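Bear in mind that the values here come from a model prediction, so they are computed numbers and not experimental data. Only this structure's heavy atoms are used, side chains among them; waters, hydrogens and symmetry mates stay out.
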Amino acid sequence: MRKLNCWEFKQCGRQPGGEKEKELGVCSAASEIKFNKINRGVNGGRYCWNADGTLCEFQIHGTFAQKQNICRNCDFYKLVKTEEIPSFIE
């Protein structure tokens with residue numbers, strides 16, 4: 001079964017070719033290849049909480065240390081954690 005990436009779940013439009021790409025730029029979760037396949041995602045698509053500069057609560061946020069409370073309460077984070085148990089990578 002195919003798993004959703006964050007830009008599909010959140011519909012933020014910041015993936016390459018997305019509707020908000022020109023306005024806000026490509027999100028690092030969509031472009032960070034070092035995170036590819038973590039939690040079975042494309043690039044950082046299922047590891048977005050560790051990608052700097054992601055769009056959360058309609059604001060671009062920095063590092064995980066700065067946004068961890070937001071991320072741990074995010075519906076998408078909780079979904080990935082549930083879907084990936086017992087191999088979830090935080």
Plane angle bin for Tyr77 and Trp49 - parallel if under 30°, tilted between 30 and 60°, otherwise perpendicular:
perpendicular
Smallest separation among heavy atoms of [X] and [Y], with atom names:
| X | Y | answer |
| --- | --- | --- |
| Thr54 | Cys48 | CG2-O, 3.4 Å |
| Asn5 | Phe76 | C-CZ, 3.7 Å |
| Ala29 | Cys6 | CB-SG, 3.9 Å |
| Gly45 | Trp7 | CA-CZ3, 3.4 Å |

Pairs satisfying salt bridge (Lys or Arg N to Asp or Glu O under 4.0 Å), at least one member in residues 69-82, at least two apart
Arg72-Glu90
Rounded to the nearest 0.5 Å, what separation is found between the NZ atom of Lys22 and the CG atom of Leu24?
13.0 Å
Check the hydrophobic clustering (I, L, V, M, F, W, Y; side-chain heavy atoms under 4.5 Å; chains of links allowed) and say if Val80 and Val42 are grouped together.
no
If you look only at distance, which donor and acceptor atoms sit under 3.5 Å apart when one is on a side chain in residues 10-20 and the other is two or more places apart or in another chain?
{"residue": "Arg14", "atom": "NE", "partner": "Gly25", "partner atom": "O", "Å": "3.1"}
{"residue": "Arg14", "atom": "NH1", "partner": "Gly53", "partner atom": "O", "Å": "3.1"}

Side-chain donor-acceptor contacts of residues 33-40 below 3.5 Å, not counting sequence neighbours, with atom names and distances?
{"residue": "Asn36", "atom": "OD1", "partner": "Asn43", "partner atom": "N", "Å": "2.8"}
{"residue": "Asn39", "atom": "OD1", "partner": "Ile89", "partner atom": "N", "Å": "2.9"}
{"residue": "Asn39", "atom": "ND2", "partner": "Arg46", "partner atom": "O", "Å": "3.0"}
{"residue": "Asn39", "atom": "ND2", "partner": "Ile89", "partner atom": "O", "Å": "3.0"}
{"residue": "Arg40", "atom": "NE", "partner": "Glu84", "partner atom": "OE1", "Å": "3.0"}
{"residue": "Arg40", "atom": "NE", "partner": "Glu84", "partner atom": "OE2", "Å": "3.4"}
{"residue": "Arg40", "atom": "NH2", "partner": "Glu84", "partner atom": "OE1", "Å": "3.2"}
{"residue": "Arg40", "atom": "NH2", "partner": "Glu84", "partner atom": "OE2", "Å": "3.4"}

